[in-house]
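All of these numbers come straight from a predicted model, not from anything done at the bench.
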Amino acid sequence: VGRKDIMSLFDEIFFSFTFGGETLSLAATKATLDVLDREDVVSHLWRQGRKLRDGYNAIARGCGLQGVTQCLGLPPHTVMTWNAPDGGDWHVLKSLFIQETAKRGLLTIGCHNVCLAHTDLIVEQTLGVYEEVLPVLGESVLRGDVDSCLEGPSVVPVFRNP
């Protein structure tokens, strides 16, 4: 990839590399760059990410979960944080959240990685799931029975210190 005058030097040179004939990635890159030229993608990512982050945090506060869960990060990529109020294992909180969102058709690991396909409707639907799930989490925290609400094992860290 380069200026025509530089790349034309390769007309007389044999060069080869592993993916030399692979053009699908180049076509995908060109299509992506064309979309970036035509649409205001960066503003879209920030706008939709801000709606998701701020909406999640407002719902969590409304359910009494401030200090228990929060959505943090720059709007295009945010993560949910978890803190067990009793100092216990926060993984059960995340597990219950994942379980309940999946039951409602939202598969998540507790983050938002916003893309151009995230329309206003998708953001509204996602926040609608949070409006159903976070009260379930809040009630179980209040009762102190988060563990018993799980229908399977809790998530566990993949990487652990030896």
Inset, instruction - Identify whether Val129 and Leu107 are in the same connected component of the hydrophobic contact network (ILVMFWY, side-chain heavy atoms under 4.5 Å). - result: no
Inset, instruction - Check Leu134 against Ala60 and note the closest heavy-atom contact, atom names and distance. - result: CD1-N, 3.8 Å
Legend entry - From SG (Cys63) to CG (Leu142), nearest 0.5 Å: 11.5 Å
Inset, instruction - Could you grab the distance from atom OG1 of Thr101 to atom CG of Leu137, nearest 0.5 Å is fine? - result: 10.5 Å
Inset, instruction - Over all heavy atoms of both residues, which pair between Ala117 and Ile122 is shortest? Give the atoms and the distance, please. - result: O-CD1, 3.3 Å
Legend entry - Heavy-atom donor-acceptor pair, Thr78 side chain to Pro75 backbone, under 3.5 Å: no
Legend entry - Spatial distance of atom CG (Asn113) from atom NE2 (His118) [nearest 0.5 Å]: 8.0 Å
Legend entry - Connected via hydrophobic side-chain network under 4.5 Å: Leu93 and Val79: no
Legend entry - Flag if over 12 foreign heavy atoms under 6.0 Å of CG, Leu9: yes
Inset, instruction - Might you point out which heavy atoms bring Ile98 and Ile109 nearest each other, and give the distance in Å? - result: CD1-CA, 4.2 Å
Legend entry - Spacing of OG belonging to Ser154 relative to CG belonging to Asp89, to within rounding of 0.5 Å: 5.5 Å
Inset, instruction - Check whether Val136 and Leu106 end up in the same hydrophobic cluster, where Ile, Leu, Val, Met, Phe, Trp and Tyr are linked by side-chain heavy atoms less than 4.5 Å apart. - result: no
Legend entry - Leu116 side chain reached by His44 side chain, heavy atoms, under 4.5 Å: yes
Inset, instruction - Kindly say whether Thr81 contributes a backbone atom to a donor-acceptor pair with the side chain of Thr69 at under 3.5 angstrom? - result: yes
Inset, instruction - Please work out which of the three classes, parallel, tilted or perpendicular, describes the rings of Tyr56 and His112, given edges at 30° and 60°. - result: perpendicular
Legend entry - Which atom of Cys149 lies closest to which atom of Gln99, heavy atoms considered: O-NE2, 3.1 Å
Legend entry - Main-chain N/O of Asp145 paired with Ser148 side-chain donor or acceptor, under 3.5 Å: yes
Legend entry - Note, Trp82 side chain near Val92 side chain (heavy atom, < 4.5 Å): no
Legend entry - Min side-chain heavy-atom separation Met80-Lys94 under 4.5 Å: no
Legend entry - Matching residue for Leu36 among Asp40, Asp34, Thr32 - test: side-chain contact (heavy atoms from CB on, under 4.5 Å): Thr32
Legend entry - Nearest atoms (heavy-atom pairs only) where Pro135 meets Tyr130: CD-O, 3.8 Å
Legend entry - Contact check, side chains of Gln48 and Asp120, non-hydrogen atoms, under 4.5 Å: yes
Inset, instruction - Step through the shown structure and confirm whether more than 12 heavy atoms of other residues, nucleotides or ligands are within 6.0 Å of NZ on Lys103. - result: yes
Inset, instruction - Enter the distance from Gln70:CD to Arg61:CZ here, rounded to the nearest 0.5 Å. - result: 8.5 Å
Inset, instruction - Could you check if a side-chain atom of Trp90 sits within less than 4.5 angstrom of a side-chain atom of Val68, using non-hydrogen atoms only? - result: no
Inset, instruction - Looking only at non-hydrogen atoms, find the nearest pair between Ile59 and Leu127 and report the distance. - result: CD1-O, 3.6 Å
